[in-house]
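The structure under discussion appears below in the form of structure tokens.
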Amino acid sequence: MQQAARISDQTAVFLTGGELVEFDDTQKIFENPESQRVEDYITGKFG
Amino acid sequence: MPRQEYQESLSNLREDVLYMSEVVAERLRLGLDALEQKDRSTAKEVVSGDDEVNQMYLDLEGECVDLIALQQPVASDLRFIAASFKIITDLERIGDLAVNLAQYAMDADRDVFPEVDVQQIGTETLDMLDAAMAAYADEDSEACYVVADRDDDLDAMCEAASSIVVRDLIERDPFGEESVDAEAYLQDISRLLLTIRDLERVGDHAVNIAARALYMIEDDAALLY
């Protein structure tokens, strides 16, 4: 995940079952994602 | 829960920052008491207590750096750590300003311009600090804006207080009166003006804290500059 943050301009987050939950600029995804599920995933609360 | 130790570290950081704010607010309260009562013993307590505040600042700075280096926080965790990292700097500076008040208290032996209500200004700054830290603790974005608005009132109070002193100097020209010890009088009014300026700066730091809290809560830089 940190590798994605370092090298990508945009990030798509697919969670359980391959569902696309959020797609946005990498900075937005890693600093203030819209989805609580994405927030919980990238901060390590699950997954 | 995954990363349980990490979650505990975040929780500890929040508690430690809030504890530091309580200690700093108490130092500020004691500094104001020392000024009001010309109490040198309380003033010395505030001055000697600054080492404790500085050590808390260094310890918390270390906690933040460790979390960033070892846990690579992102999203709300990152914003919380970044905000906390900045807030402890403001708290440490407020601690320094409390020491200034204590030093003024040690130097002062009489009140000049009793109509200038330093305690009222001080109480307002303490309330603003409490409100800013409550906004951080409760993640209350509306409260952040309220703190920023209150700073306009505080600035007006400080400006009015300074004007009383300056206008008296111009209109009454106390240095022309034989009964006035010019040197002592100059020191007294300098101390009073510095006290007002330092309290106004405490208000500015409270606004900084509110601004960092707003960034932490909403990723909003509206109050930052």
Side-chain angles (χ1 to χ4, degrees), chain A, chain B residues 1-17 63-87 135-145 209-225:
Chain A
M1 196 169 63
Q2 291 301 322
Q3 185 76 338
R6 275 194 292 272
I7 66 172
S8 67
D9 296 323
Q10 294 181 305
T11 299
V13 182
F14 297 87
L15 295 178
T16 318
E19 177 195 357
L20 175 59
V21 181
E22 190 164 342
F23 171 72
D24 212 324
D25 289 344
T26 296
Q27 184 179 355
K28 178 82 170 71
I29 292 286
F30 282 92
E31 291 184 15
N32 191 19
E34 293 290 330
S35 161
Q36 187 61 46
R37 287 174 68 203
V38 172
E39 166 96 24
D40 289 348
Y41 176 70
I42 64 175
T43 56
K45 293 187 177 68
F46 78 90
Chain B
M1 178 191 288
R3 305 183 78 185
Q4 188 167 356
E5 201 173 309
Y6 168 57
Q7 296 301 328
E8 284 171 6
S9 298
L10 293 175
S11 179
N12 289 341
L13 176 61
R14 183 183 302 272
E15 284 174 19
D16 291 346
V17 171
E63 277 185 47
C64 292
V65 170
D66 287 349
L67 279 165
I68 292 167
L70 303 177
Q71 301 289 351
Q72 291 97 45
V74 293
S76 59
D77 291 349
L78 176 63
R79 299 200 309 277
F80 161 67
I81 294 167
S84 301
F85 195 89
K86 296 292 288 186
I87 286 170
Y136 166 83
D138 300 338
E139 301 187 9
D140 182 347
S141 54
E142 285 301 312
C144 297
Y145 285 104
I209 290 169
R212 296 297 167 185
L214 184 65
Y215 161 75
M216 174 186 83
I217 301 159
E218 294 190 345
D219 193 19
D220 187 343
L223 292 178
L224 282 183
Y225 301 106

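The figures that follow rest on heavy atoms only: side chains count, while hydrogens, waters and symmetry mates do not. Keep in mind that what you see is a predicted model, and the values were worked out from it rather than measured.
Smallest separation of non-hydrogen atoms from B/Gln7 and A/Thr43: NE2-O, 4.0 Å. Scanning all heavy atoms of the two residues, the minimum distance from A/Ile42 to B/Val74 falls at O-CG2, 3.2 Å.
When the shell of 6.0 Å around OH of B/Tyr215 is examined, it contains more than 12 heavy atoms from other residues, nucleotides or ligands. Within 6.0 Å of the CD atom in A/Gln27, the count of heavy atoms belonging to other residues, nucleotides or ligands does not exceed 12.
Proximity to chain A (any heavy atom under 4.5 Å) is shown, for B/Gln71, by neither the backbone nor the side chain.
Atoms CD1 and CG, on B/Ile217 and A/Asn32 in that order, are 12.0 Å from each other to the nearest 0.5 Å.
The shortest distance between side-chain heavy atoms of B/Asp77 and A/Lys45 falls below 4.5 Å.
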